[in-house]
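Keep in mind it's a predicted model, so treat the numbers as computed, not measured. Atoms within a ligand are numbered from 1 in the order they appear, just like the ligands themselves. Residue indices begin at 1 and follow the sequence shown. Values below: every heavy atom of this structure, side chains too, minus hydrogens, waters and symmetry copies.
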Amino acid sequence: MALKFIEQADLSGKRVLARFDFNVPFDKNDKSKITDTSRIDLAIPTIKYMLDNGATKITLMSHLGRPKGKVNAEFSLEPVATYLANKLNEEVILAESAVDSGVKELLTLSKTKIVLLENLRFNPGEETDDEDFAGKLAQYGDVYVNDAFGAAHRKHASVHIINKFFVGRAYGGLLLQKEIQSLDKILNQPAKPFVAIVGGAKVSDKIKTIERLLVSVDNLIIGGAMAYPFLKAKGHDVGTSLCSDEDIQLAQRILKADKGFKIKLPVDHIVSSEFGGKPEECSATNIPAGKMGLDIGPSTINLFSGILKEAKTVLWNGPMGLFENPSYANGTMSVAETLAGLDAFTLVGGGDSVSAVNKSGFADKFSHISTGGGASLEYIEKGELPGVKALRFGV
Ligand code: 3PG
Ligand code: MG
C-alpha cells in the first residue's frame, strides 16, 4: 500500500487532527523564547493547506521536551501557540490538557478554528503507545494528518497506535512528504558519486547508520570528534582528544568492514591544550601528547573538498569540530560552503549540523535540510520508521 499524502485527502467540511513536531529549543535564560523556530516554520505550509482546503476545525498536537508523563509548566506549548497565532494570523486556542472533555466541546463552537493541544507527553499514555489515550485524541478528528517527521522514529501513541482509529483516513503532511522523498532519493539509487560526511561525538550513536552507508557510498568522510576513535583504531596518537574505549572498538569493527577503503579521515588538526582553549595548528595526523583535536586542519579541508567537488549526492550529519566556538568553526563552515557550491543533491540532517548550516548563511543552497536528526539517521539505517510504517500499513 502506498503512503497517502495530504494532497490526496478530501478535507472539505472535515475536522482534522494533525500531529507536528514542535519540539523546538528555548533560550536557557528565557524559557519562553524559542531560539530556532524552523520546525514550526516548516509546519506552516501544511496548516495553511488544511485551512485553504476546507477543513472546518484543526486540532494540532505535539510533544515538547521530556516531561516524562507529568504536567510540568516548563514544557508548556504556550510559546508555540503564541508564535503560531502570529505566523498564521489566526487565533490558536491552547487546550490545557490533550484529553480534557472540554476540548470536544470547544470544537463544537462555531468560532473555534484552530486548537493546539497541550504537550502530549504530559500524559503517560503518549510514550507507552497507549490505545485508550490515542482513542481519546482520535475523537477530535475525522481525518488524521501526520507531519511530525522529527518524531516518526518514536513508537508513541500520537504517531503510531492512533492510526488504528483512522484506517483509510490517515495522511502524511507536506513536510513529512518532503523528508521521506528526500531520504528515499539517497537510499534508492543515489546519483553517483555519493559521498556521506559523518561527524559529531559518539560512534555508538551512529554505528548502524555508518555500516548501512558503507554499502552504498563511494566515499565516507569522517570528521569532528567522530574521527578520533577511528584514528586511534588505525594506530595514530590522538593526545587527549575525546575517545572512549567502546568507540575505538566500534571504529575498529567499521574499518575492518571497509573493504573498499571508502573511509576518509583527517590528516591534520586544530588542537588545544584544553577544551575550547587557545587554538594551535597540528600539521600531522598524529596529535601530540597533552593536546586535543577540536577541528579539522587546512590539509584535511582540502582533502575533503576535493572529494566533495566530484559528488552528485551528499549526505551530511554531524559537525567537523567545535563549531560553536569561532576558533574551531573553520572545518564545519568550509564543508557548508563547499556543499553550497555543488551541482548535486545535498541533504543535511542532525541538530548540530543543521544549526551550523543555518549559521553559515548557505542554508538556502542545500537541497533539503531535515527537521529530524534521530529520525533521519534511523530512516537511513532501516529504510522505515514506526510513525511512517503505521501511516503506510496501519497498525
Ligand atoms: C527530537 O527532537 O529528537 C524529536 O522531537 C523527538 O524527541 P525525543 O528525542 O525526545 O523523543
Ligand atoms: Mg532526539
Novice: Of the options K382, K206, R253, which is the one that meets E211 in a salt bridge (charged side-chain N to carboxylate O under 4.0 Å, His left out)?
Specialist: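 Of all the options given, the one that passes is R253.
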Novice: Closer than 4.0 Å to some heavy atom of N23 - which atoms of ligand 1 meet that?
Specialist: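 Under 4.0 Å from N23, ligand 1 has these atoms: 1 (C), 2 (O), 4 (C), 5 (O), 7 (O).
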Novice: Of the listed options (H156, E127, H63, R66), which comes nearest to atom 7 (O) of ligand 1 when hydrogens are ignored and any heavy atom counts?
Specialist: H63
Novice: Can you list, pair by pair, the side-chain donor-acceptor contacts under 3.5 Å of residues 56-64, counting residues two or more places apart and other chains?
Specialist:
unit_1 : atom_1 : unit_2 : atom_2 : d
T56    : OG1    : K14    : O      : 3.1
K57    : NZ     : L109   : O      : 2.7
K57    : NZ     : T112   : O      : 2.9
S62    : OG     : F20    : O      : 3.4
S62    : OG     : F22    : N      : 2.8
H63    : ND1    : R19    : NH1    : 3.3
H63    : ND1    : R19    : NH2    : 3.3
H63    : NE2    : N23    : ND2    : 3.4

Novice: Going by the atom numbers of ligand 1, which of them fall below 4.0 Å from some non-hydrogen atom of R121?
Specialist: 7 (O), 8 (P), 10 (O), 11 (O)
Novice: Is the shortest N/O to N/O distance between H153 and ligand 1 below 3.5 Å?
Specialist: no
Novice: From the options N146, D129, L391, D21, select the one residue that forms a side chain to side chain contact (heavy atoms under 4.5 Å, CB included) with V159.
Specialist: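 With V159 as partner, side chain to side chain contact (heavy atoms under 4.5 Å, CB included) holds for just one option, N146.
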Novice: With atoms numbered from 1 as shown, which atoms in ligand 1 lie under 4.0 angstrom from a non-hydrogen atom of R154?
Specialist: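 Listed by number with element: 8 (P), 9 (O), 11 (O).
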Novice: Looking at D21, which atoms of ligand 1 are within less than 4.0 Å of one of its heavy atoms?
Specialist: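 In order of number, 4 (C), 5 (O).
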Novice: Check whether any side-chain heavy atom of L187 lies under 4.5 Å from a side-chain heavy atom of R212, and answer yes or no.
Specialist: yes
Novice: Would you check whether G150 reaches within less than 4.0 Å of ligand 1, judged by its heavy atoms?
Specialist: yes
Novice: Would you mind reporting whether E7 and N53 have side-chain heavy atoms less than 4.5 Å apart?
Specialist: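 No, every pair of side-chain atoms sits at 4.5 Å or beyond.
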Novice: Between L255 and F230, is any pair of side-chain heavy atoms under 4.5 Å apart?
Specialist: yes
